[in-house]
Amino acid sequence: MNLHFNQNLAKNYKSPSQIIRVLSEDWVAKQSYCPNCDAEPLAEFTNNQPVADFYCANCNEQYELKSKQAKLSNIINDGAYDTMIERISSDNNPNFFFLTYSQEYSVNNFLIIPKHFFKPDMIIKRKPLSVTAKRAGWVGCNIDLRQVPESGKVFLVKNQQVIPRDNVTEQFQKTLFLREQSTASRGWTLDVWQCIDRLEDSFSLNQVYAFANELQRKHPENNHIKDKIRQQLQVLRDKGIIEFLGRGRYCKLY
């Protein structure tokens, strides 16, 4: 995988946003592959496609690309809030590629967050544009990647190091069970999983119970939080995300 953009493609462009769009999309089309099935190359949708930028002709996974210069951050600027909420709630919502690059137009990080990790509470509504703005009243959004468990961040390139393709597809496919869940069930699984991320590799049931108040605030309609925690730990155990060691002890398998 060549981590350098083909800068010759930018000669006829002056806008920085147009330049990076052309360079980054060309790089993904030429250098990337499908994290789900390992097929290559990815195909590009026609311009102005409202849902995604790329798709895999082999398995039909769809991908939208977000690129930025600088370090990978937890908060990613995105477009219109209502459009984003509608997109992640639809049946054909895309997976998201996030790409960061250097001043020398070289890829620093390139990762995918599979679509089944997206939920509405990680989309942060921004303030409407002022009445004097060209698009007065327009409401944008940010994507809060802190809401995604670490296993949901599948790196193809991390700190300029290319990750073996087998590792990428294995990590991607290990979480596909989330797509089989209802929206409500998936939300619970992800919330408990995110709590586990904040613990050491080996942890106890009581340590997870310590997040009960936090989970209650996220799910005020549920009056049996500890029962729900145990249920989700069983789901994560059955799917090979954690292992039950006995006597209320667990360990992470990721």
Run the side-chain hydrogen bond (donor to acceptor under 3.5 Å, both in side chains) test on Asn206 and Ser204 for me, step by step, so that the C-alpha distance in whole Å, both residues' side-chain angles and the decisive distance to 0.1 Å come before the verdict. CA-CA 5 Å; Asn206 284 335; Ser204 70; 5.3 Å; no

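- Ring geometry for Tyr254 versus Trp193: interplanar angle over 60°, hence perpendicular rather than tilted (30 to 60°).
- Shown are Phe97, Phe172, Phe54, Phe96; of these, the ring-ring contact (aromatic ring centres under 6.0 Å, His included) with Tyr63 is made only by Phe97.
- A pairwise comparison of heavy atoms in Ala29 and Pro41 identifies O-CB, 3.6 Å as the closest pair.
- Using bins of under 30°, 30° to 60° and over 60° for the plane-to-plane angle, the ring pair Phe110/Trp27 lands in the perpendicular bin.
- Defined by atom type and a distance below 3.5 Å, a donor-acceptor pair is missing between the side-chain atoms of Glu104 and Ser106.
- Within the 4.5 Å cutoff, side-chain heavy atoms of Val28 are placed close to those of Leu42.
- Pairing each heavy atom of Glu214 with each of Cys195, the nearest pair is OE2-SG, 4.4 Å.
- Ring geometry, Phe98 versus Phe118: the interplanar angle falls under 30°, so the pair is classed parallel (tilted spans 30 to 60°).
- A donor-acceptor pair is defined here as one N or O able to donate and one able to accept, closer than 3.5 Å; no such pair exists between the side chain of Arg237 and the backbone of Phe244.
- Between Asp26 and Phe5, every side-chain heavy-atom pair lies at or beyond the 4.5 Å cut-off.
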Pair Asp191-His219, side-chain hydrogen bond (donor to acceptor under 3.5 Å, both in side chains): steps then yes or no: CA-CA 10 Å; Asp191 287 339; His219 303 273; 2.7 Å; yes

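- A donor-acceptor pair under 3.5 Å is formed between the side chain of Lys174 and the backbone N or O of Gly240.
- With respect to Arg87 and Glu64, a salt bridge is recorded, a charged nitrogen being found less than 4.0 Å from a carboxylate O.
- Here the closest non-hydrogen pair linking Gln171 and Ser151 is NE2-O, 3.1 Å.
- With Asp78 contributing its side chain and Ile143 its backbone, the two residues share no donor-acceptor pair below 3.5 Å.
- When atom types are taken as modelled, the side chain of Asp144 and the backbone of Arg146 share a donor-acceptor pair closer than 3.5 angstrom.
- Ion pair Arg165/Glu40 flagged as a salt bridge, since at least one NZ, NE, NH1 or NH2 atom sits closer than 4.0 Å to an Asp/Glu carboxylate oxygen.
- Under the 4.0 Å criterion applied to side-chain N and carboxylate O atoms, Arg179 and Glu61 are assigned as salt-bridge partners.
- Using a 4.5 Å cut-off on side-chain heavy atoms (C-beta onward), Leu99 and Val107 make contact.
- A donor-acceptor contact under 3.5 angstrom links the side chains of Gln231 and Lys228, judged on distance only.
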Please determine whether side-chain contact (heavy atoms from CB on, under 4.5 Å) holds for the pair Tyr33 and Val168, giving the CA-CA distance in whole Å, both sets of side-chain angles, and the decisive distance to 0.1 Å. CA-CA 10 Å; Tyr33 56 91; Val168 172; 3.3 Å; yes

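- Residues Thr175 and Lys239 bring no donor and acceptor atom of their side chains to less than 3.5 Å of each other.
- A salt bridge links Glu150 with Lys153; the closest basic N to acidic carboxylate O contact falls under 4.0 Å.
- For the residue pair Thr169/Asp38, the side-chain donor-acceptor check at 3.5 Å is not satisfied.
- The shortest distance between side-chain heavy atoms of Asn109 and Asn159 falls below 4.5 Å.
- Between the Gln31 side chain and the Met1 main chain, no donor and acceptor come within less than 3.5 Å of each other.
- Between Ile163 and Lys158, the closest side-chain pair of non-hydrogen atoms falls below 4.5 Å.
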Determine, stepwise, if the pair Phe45 / Tyr55 fulfils ring pair (Phe, Tyr, Trp, His ring centres under 6.0 Å). CA-CA 7 Å; Phe45 281 111; Tyr55 66 94; 4.8 Å; yes

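- Contact check for Asn36 versus Cys56: no side-chain heavy atoms found under the 4.5 Å cut-off.
- Tyr105 is not listed as a side-chain neighbour of His4, based on a closest heavy-atom distance of 4.5 Å or more.
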